There are 2 protein chains.
Amino acid sequence: MRIGELATSTGVSVRALRYYEEQSLLIPERSGGGQRHYDEKALDRVQLIQTLYAAGLSSRTILDLLPCVDAKVNTPQSRALLNGERDRITRQIDQLVQVRDRLDAVISASESPASGCLHTDADPR
Amino acid sequence: MRIGELATSTGVSVRALRYYEEQSLLIPERSGGGQRHYDEKALDRVQLIQTLYAAGLSSRTILDLLPCVDAKVNTPQSRALLNGERDRITRQIDQLVQVRDRLDAVISASESPASGCLHTDADPR
DNA sequence: CTTGTCCCTCACGTCCACGTCAGGTTTTAG
DNA sequence: CTAAAACCTGACGTGGACGTGAGGGACAAG
């Protein structure tokens with residue numbers, strides 16, 4: 001499949017796919033005229049890349065992680081990398097849960113009837 | 001306290017504190033010569049701002065949220081904002097948990113003894 | 001008064017995952 | 001064969017949260 005089809009079927013932009021190639025995250029074949037040609041595996045690969053980006057990983061980190069996910073390269077370095085990123089994500093989750101709890105507290109306070117409503121529409125004329 | 005002291009005691013840079021003022025997130029008093037003077041509440045405020053930034057909120061969103069946390073302004077708009085951000089954070093947490101699970105799968109596979117260790121140091125000469 | 005340290009205001013630089021435009025080529029439909 | 005659609009390679013723009021000087025005041029210590 002060509003780049004446009006991959007783009008529409010994965011929901012990422014054509015520019016993003018070319019950027020992934022720039023970052024060596026997803027290298028397609030080229031047909032005679034120089035056009036990119038992706039195989040079926042590219043679909044899952046793009047999804048994975050998007051998920052990892054969404055988790056806050058950088059291109060460089062993803063580039064390092066992909067061989068671990070793909071070929072199960074199992075070196076001390078790769079294990080350290082995996083565990084390091086896992087821990088980073090766990091810390092980020094903890095942070096987010098903390099923020100959500102804080103927001104929940106504010107929300108429940110604002111929903112309680114005892115809350116001081118300074119700017120309600122009810123004008124007791 | 002002046003800006004340098006606040007910076008060192010909160011761990012954020014002086015530049016960041018001035019940026020917060022630019023964004024109207026934390027407005028200090030000014031002493032005759034134009035120097036910023038922060039009170040004790042600024043310590044907590046800076047921590048809160050940092051936490052919200054870490055959760056991926058923008059300056060603008062934080063600016064909208066702060067009055068809710070502070071003065072419990074309780075309008076339909078503020079409740080919608082709070083709930084919207086809460087949901088966004090929940091989705092982000094779910095995404096992160098998903099990525100962590102994926103990494104865990106790779107990690108446990110790489111730690112299992114049945115794993116193909118292509119590049120170990122153990123050279124069975 | 002002077003020195004040293006802290007502080008001030010511009011204002012440009014950085015990083016990163018793309019968006020977007022320009023100018024040209026390849027592929028596909030008819 | 002032709003026209004349209006899709007694709008190509010640069011290369012500059014963007015937004016956000018600051019970093020990093022430049023050039024000059026503010027303020028406590030001696």
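None of the values given here were measured: they were computed from a predicted structure. Just so it is clear: chains get the letters A, B, ... in the order the sequence lines come, proteins before strands, and each one is counted from 1.
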Going hydrophobic residue to hydrophobic residue with side-chain gaps under 4.5 angstrom, can you get from B/Leu43 over to B/Ile49? yes

Keeping B/Thr90 on the side-chain end and B/Arg86 on the backbone end, is there a donor-acceptor pair under 3.5 Å? yes

Find the distance A/Met1:CE to D/dC7:P and express it as a whole number of Å. 11 Å

Between atom CD in B/Glu5 and atom C1' in D/dC27, what is the gap in whole Å? 15 Å

Under 4.0 Å between a Lys/Arg side-chain N and an Asp/Glu carboxylate O for A/Glu85 and A/Arg88? yes

When you check the phosphate oxygens OP1 and OP2 of D/dT9, does a side-chain N or O of A/Arg30 lie under 4.0 Å from one of them? yes

Please determine if B/Asp87 and A/Arg100 form a salt bridge, counting it only when a charged side-chain N lies under 4.0 Å from a carboxylate O. no

Salt bridge check, B/Glu29 against B/Arg2: does any charged N sit closer than 4.0 Å to a carboxylate O? no

With sugar-phosphate taken as primed atoms, P, OP1 and OP2 and all else as base, the protein-contact string of nucleotides 14-21 of chain D at under 4.0 Å (heavy atoms; B, S, -) is ---BBBB-

Carboxylate-amine/guanidinium contact A/Arg60 A/Asp64, below 4.0 Å: yes

Letter per nucleotide, 5' to 3', of nucleotides 21-30 of chain C [B base touched, S only sugar-phosphate touched, - untouched; heavy atoms, 4.0 Å]: -----SS---

Starting at atom CD of A/Glu29, determine the distance to atom P of D/dC7, rounded to an integer number of angstrom. 17 Å

Interatomic distance, B/Glu22 CD vs C/dC8 P [rounded to whole Å]: 13 Å

Looking at A/Arg18, I'd like to know whether one of its side-chain N or O atoms comes within less than 4.0 Å of OP1 or OP2 on C/dC18. no

Under 3.5 Å, side chain of B/Ser78 to main-chain N/O of B/Val73, donor-acceptor pair present? yes

Go through the side-chain N and O atoms of A/Tyr53 and A/Ser59 and say whether any donor and acceptor fall under 3.5 Å apart. yes

